[in-house]
Every structure is written in C-alpha cells, then in structure tokens.
Amino acid sequence: MDYYTLRDRTIAQTRKSLSEYYDDFFNKNSDLGGIANRYTKLRKDFIDGENLKGDFEGLYFHYYVMRYVSIDYRKRYFSKMVELQNGACCSIEELTTTLKDGDKIMLSFATKLLNISDGVSPLYDNNVCTLMKLSYEKFSGEKESQYLDCYKVIKDVYAEILPENLDKINAFKNHFELDNPELLSSTKIMDFILWRMGRDVIEKTNRLKQNKRATTFITR
C-alpha cells in the first residue's frame, strides 16, 4: 500500500476514533491533569536552563518509563538533550539514526526528546498507533525508513485533526487546573487524549482475549 493511501486511511481511522469521544471523558480520566502538570514542569525546567542531571534526569526517566534502556543509551540521550537545550537543532531523522540502543530503533524516545525541546512535535507511541491502527510494518523500505514514514503519517494526522477538534483541546484546558498552560501546545493536549483513548482500546482488547480464553477453558 502506498504512503498516501495509508495516510488517508489513518486520518479516517483517527477521526472515527475521536467521534467516540464522550462528554465526561475528562471526569473519567481525572489523572490526565496531573500527568500534564508533570510534563509542563519538565518543559519549564528545560526551557529555563535547569541542570538536566540529577533531579531532572530522574523525573524525565520515570515520566517516560525509560527503565528498559541501556546505561549507554541513557547517557547519550541526555547528552543530546543538553545540546538541544543549548540551542542545537536536530531533525527526527538525525535523532533516530544517532539514538539507537544497539541495533534497536528508538523512535518513541527520539520523538519525546524532540517534543521536550520544541513542545509541538507529536509523539510516536504504542497507544496512539493502536488507536490509529497504524504500524511501521505497513510501509516499504528499510526498517528505519519504515519508522520514519510512520511518524510522517502521524504528523500528517495531527495537522488534519487539530483544527477539527479545538473543542476537545479547549475542554482539556478548562477542565484541569494546569500549572503552566502556556507550555501545553494543542498537539500535546491531543497527544494526551489519543494516548489515553489508545490505552483504553488496548485494555478492552486484552479483556476480550482473557474472556475468550476463560470461555474456551470452561467449554473444555
């Protein structure tokens, strides 16, 4: 399937998923406010030139669950973050190439690094991809190119859906007590919404699988 067909299908799927958004979504996901405030604290510290070692590194490490990366990767990752904090420019292509953990492509963490720097780049995340029914394996080419094409689609999706969902973005801002709302871009707010909706899809799928296994066991 060619890139543009995949892009259009992903946009349509995301629109369909967002159509299932419900009015009390934020009441049922009240923890999103705290998650957003932890994120803006990290962004504020980054922007204000705080030392990225020590407390910041620990908070970032736990916020983005980086416990499965190698020590070498963690060192190189935060070293690159310092470069970005000092004004260096870096593309997602460069980050994806230079920040591999061994042979493993770490696009998710690369996009998180880019976002902490610019505040507007969307994240490549399993929950979001699940909601969009998107996988890098649907693209042709070498593996790194597949990942980057997948991320390009995600960026295209956000460009399409953000103007259509300003009501949800504003509802997020109005519902939660945000410490630094100016540091929350529309992209990041939509990322929180899609991330949580994607998690719900994964949990629902897992429950259905468990129920099916239990039923199969009983009938035997």
Side-chain angles (χ1 to χ4, degrees), residues 3 6-7 10 35-36 38-54 56-132 134-159 162 183-192 194-195 198:
Y3 173 86
L6 276 169
R7 181 199 63 185
T10 305
I35 292 171
R38 288 165 59 201
Y39 165 80
T40 56
K41 183 184 186 313
L42 290 171
R43 276 227 75 220
K44 187 174 187 304
D45 287 348
F46 178 90
I47 293 168
D48 289 348
E50 292 292 326
N51 187 343
L52 300 186
K53 296 295 182 181
F56 179 94
E57 183 175 344
L59 290 171
Y60 188 96
F61 181 85
H62 289 290
Y63 185 78
Y64 281 127
V65 195
M66 296 183 72
R67 61 179 176 270
Y68 299 114
V69 302
S70 67
I71 295 174
D72 172 69
Y73 179 83
R74 180 169 170 171
K75 289 180 179 178
R76 289 187 291 112
Y77 189 91
F78 284 99
S79 176
K80 179 60 71 173
M81 188 182 292
V82 170
E83 292 179 22
L84 293 175
Q85 188 186 45
N86 290 332
C89 295
C90 197
S91 67
I92 189 59
E93 291 81 8
E94 181 183 346
L95 289 175
T96 303
T97 299
T98 59
L99 289 177
K100 294 179 181 177
D101 199 359
D103 294 330
K104 189 174 181 180
I105 296 172
M106 309 292 279
L107 179 60
S108 178
F109 288 132
T111 61
K112 288 162 184 169
L113 178 55
L114 196 59
N115 176 272
I116 204 69
S117 174
D118 66 21
V120 296
S121 292
L123 304 191
Y124 176 88
D125 178 86
N126 181 57
N127 289 11
V128 174
C129 287
T130 297
L131 187 74
M132 293 180 178
L134 181 65
S135 169
Y136 75 89
E137 294 172 336
K138 294 182 178 181
F139 298 87
S140 60
E142 297 295 323
K143 194 171 184 179
E144 186 172 320
S145 175
Q146 289 176 302
Y147 270 103
L148 290 171
D149 279 345
C150 187
Y151 183 62
K152 185 179 177 183
V153 166
I154 292 173
K155 291 175 68 176
D156 288 346
V157 170
Y158 275 85
L162 285 178
L183 297 181
L184 271 182
S185 65
S186 295
T187 299
K188 187 55 187 171
I189 291 174
M190 182 54 63
D191 170 73
F192 285 130
L194 297 181
W195 172 75

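The analysis underlying the following values was restricted to heavy atoms, covering all of them including side chains, and did not include hydrogens, waters or symmetry mates. Along the sequence shown, the residues carry numbers beginning at 1.
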Would you please classify the geometry between the Tyr77 ring and the Phe109 ring as parallel, tilted or perpendicular, with 30° and 60° separating the classes? perpendicular
Taking Tyr151 for its side chain and Glu93 for its backbone only, find out whether a donor-acceptor pair lies under 3.5 Å. no
Spacing of CG belonging to Asp149 relative to NZ belonging to Lys138, to within rounding of 0.5 Å: 14.0 Å
Here the gap from Leu52 atom CG to Leu59 atom CG, rounded to the nearest 0.5 Å, amounts to 11.5 Å
Measuring from atom CD of Glu144 to atom NZ of Lys100, what distance do you get when rounded to the nearest 0.5 angstrom? 4.0 Å
Backbone of Tyr60 reached by a side-chain donor or acceptor of Arg38 within 3.5 Å: no
Glu50 (side chain) donor-acceptor with Lys44 (main chain) under 3.5 angstrom: no
Any side-chain donor-acceptor pair under 3.5 Å between Asn115 and Tyr39? yes
Distance-only, no hydrogens or angles: does the Asp101 side chain make a donor-acceptor pair with backbone N or O of Ser70 under 3.5 Å? yes
Can you see which heavy atom on Met132 is nearest to which on Leu194, and at what distance? CE-CD1, 4.0 Å
Sub-3.5 Å donor-acceptor pair from the side chain of Ser79 to the main-chain atoms of Lys75, do we have one? no
CG-NZ distance between Leu148 and Lys143, expressed to the nearest 0.5 angstrom: 13.0 Å
Is there a side-chain contact between Thr97 and Glu94, using heavy atoms and a 4.5 Å cut-off? no
Rounded to the nearest 0.5 Å, what separates atom SG in Cys90 from atom NZ in Lys80? 4.5 Å
Heavy atoms from other residues, nucleotides or ligands near NZ of Lys104 exceed 12 (cutoff 6.0 Å): no
Is it the case that Asp156 and Tyr3 place a side-chain donor and acceptor less than 3.5 Å from each other? yes
